[in-house]
Amino acid sequence: VEVLDFRENENPETAVSLGAEQRAQQMFDLSSCLFDAVLIRLPAGQTVWYLCQHHLITDIATVRLLFATVGEFYQRAIENTLADAPILPAYTVTRLPMPSEAAIDYWRQVGEKCEEQSVTLYHRSETQLSEKISAKTRRVFCELGTERTAALKALAMDSEAAALTPALSLFNVVAAILFAYLLRVGARMGKQMGESSIEAAGKRLAIATPAHGRPTRALKESLGVFVE
């Protein structure tokens, strides 16, 4: 692991923040290592652990597990019990549930359609993806506030959007709002293209959402990417 020494820096905290932001924008070589880890020494005996991972090898559940595991091992190292730490299961031997025939047929059809269409990643063309561009992305946040958040949660649990869990119910509501917005925007664009009906624009609406892919207890505690 690379070690950087910022102990003599006039403003080490700012230097760490700027350095981490710049380093995170570097593109990964997919034929090489897909993570970047650095230890940064600060004054007063403090150390910063910088970790950047490609999404091909991690998901949000793994991020939680990784930090929890490193924290446990660090504590064990202090207590001199690291030799007693449990052996982590290898990702390559993790057993996944077999998909149903319906799922296999569905994704086979999706694959055939993808072969006929040009698919872009992060709205970037093949030319842009092949170039050494920055990996930086921009997230747009919308603060709903306590009152509106509570209203949405109540609507999710007391409507046709209600599902197996509160989180899934809330997702249904948010997805419906997104579809309504896309339908409205699509209808306007359709009129500009000579289409007169909202239904014509709505038939083409579709979104894709990831699933955690961890249906079993063993998978919930396994490091790696299982997002579907």
Side-chain angles (χ1 to χ4, degrees), residues 1-9 11-99 122 134-139 141 143 146 149 153 163-171 174 209-228:
V1 176
E2 183 180 357
V3 179
L4 302 178
D5 194 342
F6 282 19
R7 288 176 294 183
E8 302 300 327
N9 195 292
N11 195 336
E13 289 79 9
T14 301
V16 168
S17 298
L18 293 176
E21 182 178 357
Q22 295 175 358
R23 193 167 184 126
Q25 296 181 36
Q26 298 178 5
M27 302 293 289
F28 280 105
D29 180 0
L30 299 185
S31 64
S32 183
C33 185
L34 295 183
F35 69 90
D36 181 20
V38 181
L39 292 178
I40 306 174
R41 292 177 177 173
L42 300 179
Q46 294 182 324
T47 302
V48 172
W49 176 35
Y50 167 86
L51 177 65
C52 182
Q53 304 174 87
H54 197 290
H55 231 315
L56 287 175
I57 64 170
T58 190
D59 55 27
I60 189 62
T62 288
V63 172
R64 176 186 62 81
L65 288 169
L66 182 61
F67 278 92
T69 302
V70 171
E72 178 188 351
F73 281 28
Y74 187 82
Q75 185 63 34
R76 285 181 175 275
I78 295 176
E79 299 172 351
N80 199 28
T81 60
L82 191 57
D84 301 327
I87 299 176
L88 300 177
Y91 180 75
T92 53
V93 299
T94 304
R95 294 186 177 182
L96 299 174
M98 291 298 297
Y122 302 125
S134 171
K136 185 177 182 179
T137 57
R138 182 175 66 91
R139 292 185 178 182
F141 295 91
E143 295 293 339
T146 303
T149 299
K153 290 183 177 180
L164 294 176
T165 65
L168 186 56
S169 302
L170 185 59
F171 168 80
V174 175
T209 60
H212 58 72
R214 298 171 180 263
T216 66
R217 181 179 296 276
L219 290 176
K220 285 181 173 64
E221 300 301 324
S222 298
L223 294 171
V225 58
F226 297 92
V227 175
E228 299 174 349

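Worth knowing before you read on, the calculation uses all heavy atoms, side chains too, and leaves out hydrogens, waters and symmetry mates. For the single chain, residues carry numbers from 1 onward in sequence order.
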Donor-acceptor under 3.5 Å ([X] side chain, [Y] main chain):
X    : Y    : value
R214 : S222 : yes
S169 : A163 : yes
S17  : E13  : yes
Y50  : G19  : no

Quiz item: Do T62 and D59 meet the criterion of a side-chain donor-acceptor pair at a distance under 3.5 Å?
Solution: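 Per modelled atom types, T62 and D59 side chains form a pair under 3.5 Å.
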Quiz item: In terms of ring plane angle, is the pair H54 and F28 parallel, tilted or perpendicular, where the classes change at 30° and 60°?
Solution: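 Rings of H54 and F28: perpendicular, as their planes differ by over 60°.
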Practice problem: Might you confirm whether atom CD of E79 has over 12 heavy atoms from other residues, nucleotides or ligands at distances under 6.0 Å? | Solution: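 Atom CD in E79 is packed in, count exceeds 12.
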Exercise. For N11, look at atom CG and say whether over 12 heavy atoms of other residues, nucleotides or ligands are found less than 6.0 Å away.
Key: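 Atom CG in N11 is packed in, count exceeds 12.
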Quiz item: Got a salt bridge between R76 and E72, using NZ or NE/NH1/NH2 to carboxylate O under 4.0 Å?
Solution: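 Judged by the 4.0 Å cut-off on N to carboxylate O distance, R76 and E72 do form a salt bridge.
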Quiz item: Under 4.0 Å between a Lys/Arg side-chain N and an Asp/Glu carboxylate O for R23 and E2?
Solution: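 Yes, this pair counts.
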Exercise. Applying side-chain contact (heavy atoms from CB on, under 4.5 Å) between T58 and each of V63, L65, L223, report the one that passes.
Key: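 Running side-chain contact (heavy atoms from CB on, under 4.5 Å) over V63, L65, L223 with T58 returns exactly one hit, V63.
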Self-check item: Proximity of Y74 and W49 rings by center, below 6.0 Å
Solution: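 Distance test on ring centres: not under 6.0 Å, no.
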